[in-house]
J.: 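Can you read through this structure? Questions will come right after.
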Number of protein chains: 2
Amino acid sequence: MITLAEENYLKAILKLSKNSEDSVSTNAIAEELDTKASSVTDMIKKITDKQLVDYVPYRGVSLSKSGLKKAIEIVRKHRLWEVFLVTKLQFKWDEVHDIAEQLEHIKSQKLVDALDAYLGYPQHDPHGEPIPNKDGQFPKSFSKRLSELEKGSSGQVVGVSQDNQSFLQYLNSLNITLGASISVIQKIDFDDSLEITINNKSAHISNDVARNLLIKQK
Amino acid sequence: MITLAEENYLKAILKLSKNSEDSVSTNAIAEELDTKASSVTDMIKKITDKQLVDYVPYRGVSLSKSGLKKAIEIVRKHRLWEVFLVTKLQFKWDEVHDIAEQLEHIKSQKLVDALDAYLGYPQHDPHGEPIPNKDGQFPKSFSKRLSELEKGSSGQVVGVSQDNQSFLQYLNSLNITLGASISVIQKIDFDDSLEITINNKSAHISNDVARNLLIKQK
DNA sequence: TTATAAATTTAGACAAATCTAAAAATTAAA
DNA sequence: TTTAATTTTTAGATTTGTCTAAATTTATAA
């Protein structure tokens, strides 16, 4: 049986290892989970014993096959519940994260599948993040980061790659919502910030923000 | 902050104290939660310190005002999630208990209220149990136990007062469902069992079963 | 290449929730 | 009303997940 704390570690490791093979450092996990490095080492030993991760002392951890499967299941549940909260219960996209953090740990395969069907097998959550299917496969994405677009090019907002509340609220204040049209007017060299238009109204955003906005070009 | 274990103790105490004033014994709680009496004593001390219960050593516990409020909130959440699972996700009434046991601990007042509204403010769960409203008030019930009906009288099934899976499955096998019409044909004196008809088909049920079936007469 | 800084692990402790075994209090019975 | 049975509590231990402080390993820089 996998515990709630263990699930959170698996999720953190998945999030930190973009390429699911490469290993993640103890400190990175500690920062992600807002805990101490020594606690992380302790927990890594436990999940190593359960063969959920591969671990080389001082060299970091990576998800095993079964650990990756578990982690993807949690992400799937998190994102499906977010869709439920927004599309059925009328929550705003910046209000759902904390509740989904709880709901993602509910254990029932039948519930997840029924929820998926009820929601119409959505491919993306309200932040534009892809939802893995029952077999753990992610839908292919055709989006780019706004920071990667050339001057003069444009597209539509299809997601964010970070979903903390203050970031989402900042986006709201700029009228940057899912589906909004964005064009890159100017790229400022010395700090990589951007002059853009959002639905034809101009704005100035930092590279930090641009890096976390996912854009689909026509 | 109230922990998951504490919530389960409050719920058990509420369930065991029909009249919410009278006190509940240590052993009764241990049996209800399938744990040891010594563990119960330990936990009672913790929730006493938090003023969730009133406790007199060797004399049992009763819910305090705030403890009762908490316990009713948990029951409300449990029953609303059961309604969700049955009416929206097409679960059977005998499949929802274990999942609702998990969902009842999700913490978000906004979620509970939004769910309540989404479900149309239901007054009863799929087992016929009353759902307390936002203020903790239970809807009035006009049902009687089948075991209390006179020979010759009849009514409709509106609920059960026990919801373990094997009981509900037994009811299913007898075609006793919510809304089914039941008439009392004969009461057998020596064991208090009953000859009844269910939607005009005859059956014989024990007093044990009859005591747990809630009937509404016209 | 050796010294220093940074990252990681180990050792030992703590709180939560549980357990077993023994002691104390209450209830029931002779 | 004294004894026996039952219930409840206490004492001490265990597991999980965390912490601080110290030790060890790895990385960096002079």
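Within every chain, numbering begins at 1; the chains are lettered A, B, ... in the order of the sequence lines, protein sequences first and strands thereafter. Values in this document were obtained by computation on a predicted structure and should not be read as measured data.
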J.: Quick one about B:Asp208 and B:Ser206 (side-chain donor to acceptor, distance below 3.5 Å, no hydrogens or angles considered), yes or no?
T.: no
J.: Where each pair must be Watson-Crick or G-U wobble with both distances under 3.5 Å, what dot-bracket representation of DNA chain C is obtained, with crossing pairs in [ ] and other-strand partners as |?
T.: ||||||||||||||||||||||||||||||
J.: Only one of B:Leu14, B:Leu52, B:Ile29 clears side-chain contact (heavy atoms from CB on, under 4.5 Å) with B:Tyr9; which?
T.: B:Ile29
J.: Between P on D:dT7 and CD1 on B:Ile44, what's the gap in Å once rounded to a whole number?
T.: 15 Å
J.: Please tell me whether B:Asn27 and B:Ser25 have a donor and an acceptor in their side chains that are separated by less than 3.5 angstrom.
T.: no
J.: Does A:Lys187 NZ have over 12 foreign heavy atoms under 6.0 Å away?
T.: yes
J.: What's the OH-C1' distance between A:Tyr58 and D:dT26, to the nearest Å?
T.: 9 Å
J.: Can you give me the first and the last nucleotide of DNA chain C (5' to 3') that has an atom within less than 4.0 angstrom of a non-hydrogen atom in chain B?
T.: C:dA16 to C:dT27
J.: Report, as yes or no, whether the 6.0 Å neighbourhood of atom CG on B:Asp191 holds more than 12 heavy atoms from other residues, nucleotides or ligands.
T.: yes
J.: Report the distance from atom CD1 of A:Ile72 to atom CG of A:Asp135, rounding to the nearest 0.5 Å.
T.: 11.0 Å
J.: Could you walk me through whether B:Lys151 and B:Glu195 pass the salt bridge (Lys or Arg N to Asp or Glu O under 4.0 Å) test, one step at a time?
T.: CA-CA 9 Å; B:Lys151 170 180 173 180; B:Glu195 291 288 345; over 6 Å; no
J.: With sequence neighbours left out, what residues match B:Tyr118 under side chain to side chain donor-acceptor pair (under 3.5 Å)?
T.: A:Tyr118
J.: Dump every N/O contact between nucleotides 17-19 of chain D and the protein below 3.5 Å, one line per pair.
T.:
unit_1 : atom_1 : unit_2  : atom_2 : d
D:dG17 : OP1    : A:Thr3  : OG1    : 2.6
D:dT18 : O4     : A:Asp42 : OD2    : 3.3
D:dC19 : OP2    : A:Thr35 : OG1    : 2.5
D:dC19 : OP2    : A:Lys36 : N      : 3.2
D:dC19 : OP2    : A:Ser39 : OG     : 2.5
D:dC19 : N4     : A:Asp42 : OD2    : 3.2

J.: For residues 77-100 of chain A, tabulate all N or O donor-acceptor pairs below 3.5 Å that involve a side-chain atom, not counting sequence neighbours.
T.:
unit_1  : atom_1 : unit_2   : atom_2 : d
A:Lys77 : NZ     : A:Glu104 : O      : 3.2
A:Lys77 : NZ     : A:Ile106 : O      : 2.9
A:His78 : ND1    : A:Glu104 : OE1    : 2.7
A:His78 : NE2    : A:Glu82  : OE2    : 2.9
A:Arg79 : NH1    : A:Pro130 : O      : 2.6
A:Trp81 : NE1    : A:Leu103 : O      : 3.4
A:Glu82 : OE1    : A:His127 : ND1    : 3.2
A:Thr87 : OG1    : A:Val83  : O      : 2.8
A:Gln90 : NE2    : A:Lys88  : O      : 3.4
A:Trp93 : NE1    : A:Asn172 : OD1    : 3.4
A:Asp94 : OD2    : A:Asn172 : ND2    : 3.3
A:Glu95 : OE1    : A:Lys92  : N      : 2.8
A:Glu95 : OE1    : B:Lys110 : NZ     : 3.2
A:Glu95 : OE2    : B:Lys110 : NZ     : 3.0
A:His97 : ND1    : A:Asp163 : OD2    : 3.1
A:His97 : NE2    : A:Glu101 : OE2    : 3.2

J.: Could you give all pairs that pass the salt bridge (charged side-chain N to carboxylate O under 4.0 Å, His left out) test and reach residues 56-73 of chain A, with sequence neighbours left out?
T.: A:Lys69-A:Glu73
